[in-house]
Amino acid sequence: MLIRTPQDWELPESAATPESLYHLSKRRDFLKALGVGGAALAAREALAATAGFPSKVNADYRDPALKPTAYEHITSYNNFYEFGTDKAEPKVLANRGWTTEPWTVEVTGLVNNPLKLDVNEVVKKMGGAEQRVYRLRCVEAWSMVVPWDGFQLSKLIALADPKSEAKFVTFTTFLDKKSSPGQRQGNLPYPYIEGLRLDEAMNELSFIATGIYGKPIPHQNGAPLRLVVPWKYGFKCIKSIVKIELTDKQPLNTWQVLQAREYGFYANVNPQVDHPRWTQASERVIGGGLGRQKTLMFNGYEQQVASLYTGMDLRKNY
Ligand code: MTE
(Lines give C-alpha, C1' and ligand atoms only; values in the text may rest on other atoms or scores of the structure.)
Protein backbone atom coordinates (compact mmCIF):
# COMPACT_ATOMS: atom_id res chain seq x y z
CA MET A 1 0.00 0.00 0.00
CA LEU A 2 1.16 3.53 -0.82
CA ILE A 3 1.31 5.91 2.13
CA ARG A 4 1.51 9.62 1.26
CA THR A 5 3.71 11.78 3.45
CA PRO A 6 2.26 15.31 3.63
CA GLN A 7 4.67 17.76 2.01
CA ASP A 8 5.89 21.02 3.43
CA TRP A 9 3.64 23.13 1.18
CA GLU A 10 0.37 21.30 1.83
CA LEU A 11 -2.58 23.04 3.54
CA PRO A 12 -5.58 21.65 5.43
CA GLU A 13 -8.92 21.57 3.58
CA SER A 14 -10.17 24.36 5.84
CA ALA A 15 -7.55 26.73 4.51
CA ALA A 16 -8.86 27.00 0.95
CA THR A 17 -12.26 27.71 -0.72
CA PRO A 18 -13.81 31.19 -0.62
CA GLU A 19 -12.65 33.12 2.41
CA SER A 20 -16.16 33.76 3.73
CA LEU A 21 -17.03 30.08 3.34
CA TYR A 22 -13.78 28.86 4.77
CA HIS A 23 -15.25 25.99 6.73
CA LEU A 24 -17.50 24.67 3.95
CA SER A 25 -15.80 22.11 1.76
CA LYS A 26 -18.62 20.67 -0.33
CA ARG A 27 -20.00 22.37 -3.42
CA ARG A 28 -23.66 21.91 -2.36
CA ASP A 29 -22.90 23.40 1.06
CA PHE A 30 -21.22 26.29 -0.69
CA LEU A 31 -24.26 26.96 -2.88
CA LYS A 32 -26.68 26.48 0.02
CA ALA A 33 -24.73 29.07 1.93
CA LEU A 34 -25.35 31.46 -0.95
CA GLY A 35 -29.08 30.86 -0.42
CA VAL A 36 -29.60 28.78 -3.52
CA GLY A 37 -31.99 25.78 -3.47
CA GLY A 38 -33.95 23.33 -5.68
CA ALA A 39 -34.11 24.13 -9.40
CA ALA A 40 -32.21 27.35 -8.83
CA LEU A 41 -29.46 25.33 -7.18
CA ALA A 42 -29.24 23.02 -10.19
CA ALA A 43 -29.12 25.98 -12.60
CA ARG A 44 -26.48 27.80 -10.54
CA GLU A 45 -24.43 24.62 -10.25
CA ALA A 46 -24.50 24.15 -14.03
CA LEU A 47 -23.41 27.76 -14.61
CA ALA A 48 -20.67 27.57 -12.00
CA ALA A 49 -19.41 24.34 -13.50
CA THR A 50 -19.12 25.96 -16.96
CA ALA A 51 -16.92 28.71 -15.59
CA GLY A 52 -14.99 26.23 -13.47
CA PHE A 53 -16.28 27.63 -10.14
CA PRO A 54 -16.39 26.78 -7.38
CA SER A 55 -13.25 24.83 -8.09
CA LYS A 56 -12.25 21.50 -6.61
CA VAL A 57 -9.76 21.80 -3.77
CA ASN A 58 -6.60 19.89 -4.64
CA ALA A 59 -5.56 18.30 -1.35
CA ASP A 60 -2.06 17.65 -2.70
CA TYR A 61 -1.18 21.36 -2.63
CA ARG A 62 -1.82 22.42 0.95
CA ASP A 63 0.46 23.07 3.86
CA PRO A 64 -0.97 23.08 7.38
CA ALA A 65 1.69 25.63 8.34
CA LEU A 66 0.59 28.22 5.76
CA LYS A 67 -2.07 30.81 6.56
CA PRO A 68 -3.67 32.28 3.44
CA THR A 69 -3.46 36.07 3.19
CA ALA A 70 -6.81 37.90 3.45
CA TYR A 71 -8.64 38.41 0.11
CA GLU A 72 -8.64 42.16 0.73
CA HIS A 73 -4.82 42.30 0.88
CA ILE A 74 -4.31 40.00 -2.11
CA THR A 75 -6.58 42.16 -4.25
CA SER A 76 -5.54 45.65 -3.13
CA TYR A 77 -1.71 45.42 -2.88
CA ASN A 78 -0.65 44.73 -6.44
CA ASN A 79 2.10 45.04 -9.01
CA PHE A 80 0.57 45.54 -12.46
CA TYR A 81 2.52 48.30 -14.19
CA GLU A 82 0.02 48.46 -17.04
CA PHE A 83 -2.24 50.07 -14.41
CA GLY A 84 0.23 52.15 -12.42
CA THR A 85 3.41 51.71 -10.40
CA ASP A 86 1.88 52.32 -6.97
CA LYS A 87 0.58 49.19 -5.17
CA ALA A 88 -2.91 50.66 -4.68
CA GLU A 89 -3.36 51.89 -8.28
CA PRO A 90 -4.15 48.64 -10.17
CA LYS A 91 -7.31 48.01 -8.13
CA VAL A 92 -8.64 51.41 -9.24
CA LEU A 93 -7.20 51.81 -12.74
CA ALA A 94 -7.74 48.21 -13.95
CA ASN A 95 -11.43 48.54 -13.08
CA ARG A 96 -12.08 51.74 -14.99
CA GLY A 97 -13.43 50.52 -18.30
CA TRP A 98 -10.90 47.80 -19.16
CA THR A 99 -12.82 44.71 -20.27
CA THR A 100 -11.45 41.16 -20.12
CA GLU A 101 -14.48 39.52 -21.68
CA PRO A 102 -14.38 38.06 -24.29
CA TRP A 103 -10.69 37.07 -24.11
CA THR A 104 -8.79 34.89 -26.56
CA VAL A 105 -5.55 33.14 -25.73
CA GLU A 106 -3.31 31.35 -28.22
CA VAL A 107 -0.74 28.59 -27.80
CA THR A 108 1.57 28.76 -30.78
CA GLY A 109 5.14 28.42 -32.10
CA LEU A 110 6.89 25.04 -32.10
CA VAL A 111 3.75 22.95 -31.57
CA ASN A 112 1.93 20.39 -33.71
CA ASN A 113 -1.51 21.52 -32.59
CA PRO A 114 -1.67 25.33 -32.33
CA LEU A 115 -4.64 26.58 -30.29
CA LYS A 116 -6.59 29.83 -30.31
CA LEU A 117 -9.43 29.67 -27.82
CA ASP A 118 -11.74 31.72 -25.64
CA VAL A 119 -10.52 31.56 -22.06
CA ASN A 120 -13.74 29.87 -20.82
CA GLU A 121 -13.26 27.22 -23.49
CA VAL A 122 -9.69 26.66 -22.24
CA VAL A 123 -10.87 26.09 -18.65
CA LYS A 124 -13.50 23.65 -19.93
CA LYS A 125 -10.90 21.75 -21.96
CA MET A 126 -8.69 21.56 -18.86
CA GLY A 127 -11.54 19.79 -17.03
CA GLY A 128 -12.53 22.80 -14.90
CA ALA A 129 -10.59 24.64 -12.23
CA GLU A 130 -8.90 23.32 -9.09
CA GLN A 131 -7.70 25.24 -6.05
CA ARG A 132 -4.10 25.25 -4.82
CA VAL A 133 -2.58 27.32 -2.04
CA TYR A 134 0.87 28.66 -2.91
CA ARG A 135 3.35 31.06 -1.38
CA LEU A 136 4.02 34.21 -3.44
CA ARG A 137 7.37 35.96 -2.93
CA CYS A 138 8.04 39.25 -4.72
CA VAL A 139 11.61 40.26 -5.66
CA GLU A 140 10.90 43.41 -3.60
CA ALA A 141 11.06 41.19 -0.46
CA TRP A 142 7.39 40.97 0.51
CA SER A 143 5.26 37.83 0.51
CA MET A 144 1.70 36.50 0.62
CA VAL A 145 -0.05 33.13 0.60
CA VAL A 146 -2.68 32.85 -2.13
CA PRO A 147 -5.44 30.27 -2.74
CA TRP A 148 -5.37 30.21 -6.56
CA ASP A 149 -8.01 28.56 -8.76
CA GLY A 150 -7.01 27.36 -12.20
CA PHE A 151 -5.24 24.49 -13.90
CA GLN A 152 -1.78 22.98 -14.28
CA LEU A 153 0.10 24.65 -17.16
CA SER A 154 1.51 21.33 -18.38
CA LYS A 155 -2.01 20.21 -19.39
CA LEU A 156 -2.43 23.15 -21.76
CA ILE A 157 1.04 22.75 -23.25
CA ALA A 158 0.46 19.02 -23.73
CA LEU A 159 -2.77 19.82 -25.60
CA ALA A 160 -0.77 21.92 -28.08
CA ASP A 161 1.67 18.99 -28.52
CA PRO A 162 5.17 20.57 -28.46
CA LYS A 163 7.61 19.71 -31.25
CA SER A 164 10.92 18.12 -30.20
CA GLU A 165 12.83 21.38 -30.98
CA ALA A 166 10.77 23.34 -28.41
CA LYS A 167 12.95 24.24 -25.40
CA PHE A 168 11.41 27.44 -23.99
CA VAL A 169 8.02 29.05 -23.46
CA THR A 170 7.38 32.79 -23.97
CA PHE A 171 4.31 34.40 -22.41
CA THR A 172 2.92 37.75 -23.59
CA THR A 173 0.45 40.14 -21.92
CA PHE A 174 -2.18 42.14 -23.86
CA LEU A 175 -1.19 45.38 -25.59
CA ASP A 176 -3.91 48.03 -25.58
CA LYS A 177 -2.83 51.62 -24.99
CA LYS A 178 -6.44 52.78 -24.87
CA SER A 179 -7.15 50.69 -21.78
CA SER A 180 -3.74 50.79 -20.11
CA PRO A 181 -2.42 54.05 -18.66
CA GLY A 182 0.97 52.40 -18.01
CA GLN A 183 1.31 51.43 -21.66
CA ARG A 184 0.37 54.97 -22.71
CA GLN A 185 3.05 56.38 -20.41
CA GLY A 186 5.60 53.71 -21.38
CA ASN A 187 6.61 53.05 -17.74
CA LEU A 188 8.01 49.66 -18.97
CA PRO A 189 8.78 48.27 -22.44
CA TYR A 190 5.46 46.70 -23.51
CA PRO A 191 3.94 44.23 -24.00
CA TYR A 192 5.08 42.61 -20.75
CA ILE A 193 6.93 39.38 -21.62
CA GLU A 194 7.99 36.45 -19.45
CA GLY A 195 9.57 33.11 -20.14
CA LEU A 196 10.35 29.68 -18.74
CA ARG A 197 12.41 26.73 -19.86
CA LEU A 198 10.02 24.08 -21.20
CA ASP A 199 10.89 21.66 -18.37
CA GLU A 200 10.10 24.42 -15.82
CA ALA A 201 6.77 25.05 -17.54
CA MET A 202 5.98 21.32 -17.44
CA ASN A 203 6.79 21.07 -13.70
CA GLU A 204 3.74 20.07 -11.63
CA LEU A 205 3.80 23.38 -9.72
CA SER A 206 3.48 25.65 -12.79
CA PHE A 207 -0.10 26.85 -12.80
CA ILE A 208 -2.43 29.10 -14.75
CA ALA A 209 -4.70 30.98 -12.36
CA THR A 210 -8.21 32.04 -13.36
CA GLY A 211 -9.47 32.66 -9.83
CA ILE A 212 -8.61 33.52 -6.24
CA TYR A 213 -10.44 32.16 -3.19
CA GLY A 214 -12.93 30.39 -5.49
CA LYS A 215 -13.97 33.56 -7.35
CA PRO A 216 -12.96 34.70 -10.86
CA ILE A 217 -9.61 36.47 -10.70
CA PRO A 218 -9.99 40.26 -10.27
CA HIS A 219 -8.65 42.54 -13.02
CA GLN A 220 -5.85 43.85 -10.79
CA ASN A 221 -4.54 40.31 -10.20
CA GLY A 222 -4.28 39.53 -13.91
CA ALA A 223 -7.72 38.67 -15.27
CA PRO A 224 -8.70 36.50 -16.93
CA LEU A 225 -5.62 34.26 -16.72
CA ARG A 226 -2.09 34.64 -15.31
CA LEU A 227 0.92 32.48 -14.69
CA VAL A 228 1.83 31.26 -11.17
CA VAL A 229 5.31 29.78 -10.62
CA PRO A 230 5.62 29.79 -6.82
CA TRP A 231 9.36 28.98 -6.56
CA LYS A 232 10.26 32.10 -8.59
CA TYR A 233 10.04 35.80 -7.80
CA GLY A 234 6.60 37.26 -8.46
CA PHE A 235 7.61 39.16 -11.61
CA LYS A 236 7.73 35.81 -13.44
CA CYS A 237 3.97 35.43 -12.75
CA ILE A 238 2.87 37.32 -15.86
CA LYS A 239 -0.70 38.63 -15.84
CA SER A 240 -3.50 38.81 -18.44
CA ILE A 241 -1.83 36.49 -20.94
CA VAL A 242 -2.82 36.59 -24.62
CA LYS A 243 -0.07 34.41 -26.10
CA ILE A 244 1.95 31.36 -25.05
CA GLU A 245 4.65 30.59 -27.62
CA LEU A 246 6.99 27.60 -27.67
CA THR A 247 10.44 28.45 -29.03
CA ASP A 248 13.97 27.08 -29.31
CA LYS A 249 15.55 30.30 -27.95
CA GLN A 250 15.64 31.64 -24.39
CA PRO A 251 13.27 34.61 -24.27
CA LEU A 252 14.25 38.05 -22.98
CA ASN A 253 11.81 38.89 -20.21
CA THR A 254 10.70 42.47 -19.64
CA TRP A 255 12.58 43.07 -16.37
CA GLN A 256 15.77 41.65 -17.85
CA VAL A 257 15.46 44.03 -20.80
CA LEU A 258 15.01 46.90 -18.37
CA GLN A 259 17.79 46.07 -15.90
CA ALA A 260 19.71 42.84 -16.61
CA ARG A 261 22.11 43.30 -13.70
CA GLU A 262 19.24 43.17 -11.21
CA TYR A 263 16.69 40.85 -12.83
CA GLY A 264 17.58 37.65 -14.62
CA PHE A 265 15.79 35.00 -16.63
CA TYR A 266 15.60 32.38 -13.88
CA ALA A 267 14.55 34.57 -10.91
CA ASN A 268 14.42 31.57 -8.56
CA VAL A 269 13.75 32.63 -4.96
CA ASN A 270 17.15 32.35 -3.29
CA PRO A 271 17.90 33.76 0.19
CA GLN A 272 21.64 33.39 -0.47
CA VAL A 273 21.77 35.63 -3.52
CA ASP A 274 20.91 39.22 -2.68
CA HIS A 275 19.41 41.75 -5.03
CA PRO A 276 22.18 44.31 -5.74
CA ARG A 277 20.21 46.87 -3.69
CA TRP A 278 18.68 44.80 -0.84
CA THR A 279 18.82 41.50 1.02
CA GLN A 280 16.77 38.52 -0.12
CA ALA A 281 17.35 36.62 3.14
CA SER A 282 14.02 37.69 4.66
CA GLU A 283 10.63 39.03 3.63
CA ARG A 284 7.84 41.26 4.93
CA VAL A 285 4.59 39.32 5.30
CA ILE A 286 1.68 41.29 3.83
CA GLY A 287 -1.11 41.43 6.42
CA GLY A 288 1.33 40.18 9.04
CA GLY A 289 1.88 43.45 10.89
CA LEU A 290 5.52 44.43 11.17
CA GLY A 291 6.63 40.82 11.09
CA ARG A 292 9.37 39.53 8.78
CA GLN A 293 10.16 35.91 8.14
CA LYS A 294 13.12 34.07 6.72
CA THR A 295 12.98 33.47 2.99
CA LEU A 296 13.18 29.80 2.01
CA MET A 297 15.26 28.35 -0.82
CA PHE A 298 13.03 28.09 -3.90
CA ASN A 299 10.37 29.71 -1.68
CA GLY A 300 9.87 26.40 0.14
CA TYR A 301 9.45 24.27 -3.00
CA GLU A 302 12.96 22.81 -3.10
CA GLN A 303 11.72 19.23 -3.09
CA GLN A 304 9.68 19.81 -6.27
CA VAL A 305 12.08 21.94 -8.30
CA ALA A 306 15.71 21.68 -7.13
CA SER A 307 16.44 18.90 -9.64
CA LEU A 308 15.64 21.30 -12.51
CA TYR A 309 18.85 23.20 -11.66
CA THR A 310 21.32 20.41 -10.91
CA GLY A 311 24.85 21.51 -11.77
CA MET A 312 23.84 25.14 -12.46
CA ASP A 313 25.54 28.09 -10.79
CA LEU A 314 22.56 29.85 -9.22
CA ARG A 315 24.61 33.00 -8.54
CA LYS A 316 25.28 33.40 -12.23
CA ASN A 317 21.84 32.22 -13.31
CA TYR A 318 19.85 34.55 -11.05
N1 MTE B 1 2.32 41.01 -15.17
C2 MTE B 1 2.15 42.10 -15.95
N3 MTE B 1 1.59 41.95 -17.15
N4 MTE B 1 2.54 43.34 -15.54
C5 MTE B 1 3.15 43.53 -14.34
O6 MTE B 1 3.51 44.68 -14.00
N7 MTE B 1 3.99 42.50 -12.26
C8 MTE B 1 4.62 41.29 -11.75
C9 MTE B 1 3.70 40.07 -11.86
N10 MTE B 1 3.04 40.04 -13.15
C11 MTE B 1 3.36 42.40 -13.49
C12 MTE B 1 2.91 41.14 -13.94
C13 MTE B 1 5.09 41.41 -10.38
S14 MTE B 1 6.47 42.39 -10.14
C15 MTE B 1 4.51 40.73 -9.34
S16 MTE B 1 5.22 40.74 -7.80
C17 MTE B 1 3.25 40.00 -9.50
O18 MTE B 1 2.72 40.13 -10.82
C19 MTE B 1 2.24 40.57 -8.53
O20 MTE B 1 1.05 39.83 -8.56
P21 MTE B 1 -0.16 40.31 -7.61
O22 MTE B 1 -0.43 41.75 -7.89
O23 MTE B 1 -1.31 39.42 -7.99
O24 MTE B 1 0.31 40.07 -6.19
Side-chain angles (χ1 to χ4, degrees), residues 68-95 98 100 103 105 132-150 170-177 179-196 206-213 215-244 251 253-259 262-265 267-269 275 278 280 283-287 295 299:
T69 305
Y71 184 80
E72 182 53 30
H73 291 308
I74 297 172
T75 57
S76 62
Y77 186 90
N78 299 105
N79 273 336
F80 198 172
Y81 276 47
E82 284 85 342
F83 298 100
T85 53
D86 182 272
K87 298 285 184 284
E89 278 179 322
K91 184 175 178 178
V92 179
L93 299 179
N95 291 292
W98 177 45
T100 59
W103 190 277
V105 59
R132 297 183 179 190
V133 181
Y134 281 161
R135 295 184 184 90
L136 172 69
R137 168 62 157 82
C138 178
V139 75
E140 298 163 338
W142 53 262
S143 71
M144 297 186 188
V145 174
V146 184
W148 300 108
D149 307 275
T170 306
F171 301 83
T172 308
T173 295
F174 75 93
L175 186 61
D176 173 9
K177 284 193 180 174
S179 305
S180 160
Q183 291 179 351
R184 282 200 299 276
Q185 287 155 13
N187 59 11
L188 284 182
Y190 288 111
Y192 195 99
I193 305 260
E194 258 310 333
L196 296 173
S206 297
F207 198 67
I208 295 288
T210 56
I212 291 175
Y213 269 116
K215 293 188 245 189
I217 193 164
H219 282 184
Q220 61 270 29
N221 291 90
L225 78 169
R226 57 94 56 88
L227 179 67
V228 183
V229 276
W231 72 99
K232 292 179 177 286
Y233 291 121
F235 69 83
K236 299 295 290 182
C237 299
I238 180 171
K239 296 178 170 181
S240 307
I241 298 166
V242 292
K243 190 164 82 174
I244 300 175
N253 45 318
T254 297
W255 283 98
Q256 198 184 354
V257 169
L258 203 71
Q259 187 50 277
E262 300 191 351
Y263 309 101
F265 172 76
N268 291 317
V269 176
H275 185 278
W278 58 81
Q280 294 292 23
E283 62 205 39
R284 183 167 56 93
V285 182
I286 301 300
T295 292
N299 205 21

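All ligand and atom numbering here is 1-based and tracks the order in the structure. Just so you know, these numbers come straight off a predicted model, no measurement behind them. Note: hydrogens, waters and symmetry copies are ignored here, and every other heavy atom, side chains too, is used.
- Regarding atom 20 (O) of ligand 1, its nearest protein heavy-atom neighbour is Arg226 NH2, 3.1 Å.
- Residue Gln220 places no N or O, backbone or side chain, under 3.5 Å from any N or O of ligand 1.
- No donor-acceptor pair under 3.5 Å is formed between the side chain of Lys243 and the backbone N or O of Thr170.
- The side-chain tip of Lys236 points at the ring of Phe265 from less than 6.0 angstrom away and within 45° of straight on.
- Distances between N or O atoms of Trp255 and those of ligand 1 include no value under 3.5 Å.
- Contact annotation for Thr173 and ligand 1: only side-chain heavy atoms (C-beta onward) come within less than 4.0 Å of the ligand.
- With respect to atom 18 (O) of ligand 1, the closest heavy atom belonging to the protein is Lys239 CE, 3.4 Å.
- Taking atom 4 (N) of ligand 1 as the reference point, the nearest protein heavy-atom neighbour is Glu82 OE1, 2.8 Å.
- Side-chain polar atoms of Tyr192 and Trp255 form a donor-acceptor pair below 3.5 angstrom.
- Using bins of under 30°, 30° to 60° and over 60° for the plane-to-plane angle, the ring pair Phe83/Phe80 lands in the perpendicular bin.
- Looking at Glu194 against ligand 1, nothing comes within 4.0 Å, counting heavy atoms.
- When only non-hydrogen protein atoms are considered, atom 10 (N) of ligand 1 lies nearest to Cys237 O, 2.9 Å.
- With a heavy-atom cut-off of 4.0 Å, Tyr192 touches ligand 1 through its side chain alone.
- Counted by atom type alone, Asn79 and Lys87 present one or more donor-acceptor pairs between their side chains at under 3.5 Å.
- Under a 4.0 Å N-O distance rule, the pair Glu283/Arg135 does not qualify as a salt bridge.
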